[in-house]
Number of protein chains: 2
Amino acid sequence: MTSTYHHGDLYRQALEQAQALLHEEGAAAVTLRALARRLQVTAPALYRHFRNRDSLLAALAVHGFRELRRQLLAVRRDDALEQLTGIGQAYIAFAQARPNLYRLMFGGQLLPRGAHPDLDAAGLGAFAVLQQSIDDALAAGYLNGQPAGPLTAAAWSLVHGFAELTIDGHLPDEQQAPGLAALVTRLLLPGGPSSRDNNNP
Amino acid sequence: MTSTYHHGDLYRQALEQAQALLHEEGAAAVTLRALARRLQVTAPALYRHFRNRDSLLAALAVHGFRELRRQLLAVRRDDALEQLTGIGQAYIAFAQARPNLYRLMFGGQLLPRGAHPDLDAAGLGAFAVLQQSIDDALAAGYLNGQPAGPLTAAAWSLVHGFAELTIDGHLPDEQQAPGLAALVTRLLLPGGPSSRDNNNP
DNA sequence: GGCGCAATGTTAACGTCGTTAACACAGCAT
DNA sequence: ATGCTGTGTTAACGACGTTAACATTGCGCC
């Protein structure tokens, strides 16, 4: 019984179980005591690895942003416009696959912005991928050469808003069709969804 | 001292103070005990008027949706397109003026959808205004006659996403300029922000 | 090989919260 | 006057975040 007094690996396992808890039951269920129970450990033990509950949640969000960045970077299409829409769809797919994590990342329950520098950095890291793909699309002559700043804000707003509205069930059912994500993403582009057929690379 | 044993007006005052608490310190601070303290009343007294804390928060959200609807309905422009963009800007202005309320309304912390029928109804009531203005714009020949469903989803996603990203400080500072809201709203329209000059009614 | 220190875990305790049960007072209808 | 219904209070329970004090382990160092 004394052989496992030192857990040895608690930080990593705590993060894993916290992710599971978050995914299964939402942020409100990510409680230090519940997490401790899962890990067969007493609650104060967790304070050796996380300053407090907010730090734990922030750590989860950081991992979320890094994973989101990874998934956005995994999108690779030849055409710059295809790349942009592909990233938009990957973004939405991420949010829909992990709604509770996504809400934690963007729900605004976390702290006065700037309290967790890691978190801000991770967020910017994910944002940068989207930004880059817009720059690329502009450089390739797409998007009518509109100013990059507002374009980026609009594109991010669109995918973020769509992601949130769907995972919270705010959009009427008829509009939940899977393919709609693609359609909406393309609506941003001049000429609408049926512009020309740039479907095949 | 016994003259005020019955508060007489507690439901209304509780809602008012809860709104103040929400606006000033966020949803997490809207606690039954804190609210009771503000009202010079014991906590269990509130259970005569709200089934539990979630019901109180839901009531706040319901009022929020009704107020949002009112503000959207107050927008009146002659041109259907101006009307649509005006509504978008009013929507964003609402969120920015009451960030904590807006987060409560859309943060997804409330309930399995359908648990509070009032809330769903109030949400649809606000949504309907946006929906209507899009239908009107289509009827007036704008928006290239694109299908109304996806258009509405896209428009709502755009304003919702922009509202959330700005109130949470996720957009880089340079893009926070006040006038950007208008610009972004117009980006959805075919031809981009400088289509023609439909600025003056 | 033993020693000591730092890391990591436990126990006990405090204050806050949501919530409920039991009770107390007020006002109104009869 | 009486009693019922609405509304408020008191007391208590369990869960939570957090801290202080203490216990155990493992590793570097002699």
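Numbered from 1 within each chain, the chains take letters A, B, ... in sequence-line order.
Under 4.0 angstrom from either OP1 or OP2 of C:dC17 there lies at least one side-chain N or O belonging to B:R37. OP1 or OP2 of C:dG9 has at least one side-chain nitrogen or oxygen of A:H49 nearer than 4.0 Å. For the OP1/OP2 pair of D:dA15 and a distance below 4.0 Å, the side-chain nitrogens and oxygens of A:T31 include no atom meeting the criterion. For B:T42 and D:dT10, the shortest distance from a side-chain N or O to OP1 or OP2 is not below 4.0 Å.
Among the protein residues, A:R53 comes within range of the sugar-phosphate backbone only, with heavy atoms under 4.0 Å from sugar or phosphate atoms but none that close to a base.
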So what does the secondary structure string of DNA chain C come out as, 5' to 3', with Watson-Crick or wobble pairs under 3.5 angstrom, [ ] for crossing and | for pairs with another strand? ||||||||||||||||||||||||||||||

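Put simply, the residue from A:L15, A:L10, A:D9 that forms a side-chain contact (heavy atoms from CB on, under 4.5 Å) with A:R12 is A:D9.
Place A:R33 and A:L46 on DNA chain C by their nearest nucleotides, and A:L46 ends up nearer the 5' end. Nearer to the 5' terminus of DNA chain D, by closest-nucleotide assignment, is the contact made by A:A34 (compared with the other of A:A34 and A:R48).
Side-chain proximity of A:A45 to D:dG17, D:dT10, C:dG9: nearest is C:dG9.
A:M105 has its side chain within reach of A:L68: a pair of non-hydrogen atoms, C-beta onward, lies under 4.5 Å apart. In this structure, B:N100 and B:H23 have side chains that are not in contact, with every pair of non-hydrogen atoms separated by 4.5 Å or more. For the pair A:V75/A:V129, no side-chain contact is recorded, criterion being any heavy-atom separation below 4.5 Å from C-beta on. Using a 4.5 Å heavy-atom threshold, the side chains of A:H170 and B:H160 count as separate.
If you measure from atom CG of A:L57 to atom C1' of D:dG17, you get 12 Å, rounded to the nearest angstrom. Between B:L56 atom CG and C:dT19 atom P there is a gap of 10 Å when expressed in whole angstrom units. In this structure, the OH atom of B:Y47 is 17 Å from the P atom of D:dT10, given to the nearest Å.
Taking the six-membered ring where tryptophan is involved, the planes of B:W156 and B:F127 are tilted, since the angle between them lies from 30° to 60°. Between A:Y91 and A:F106, the ring planes are tilted. Angles from 30° to 60° get that label.
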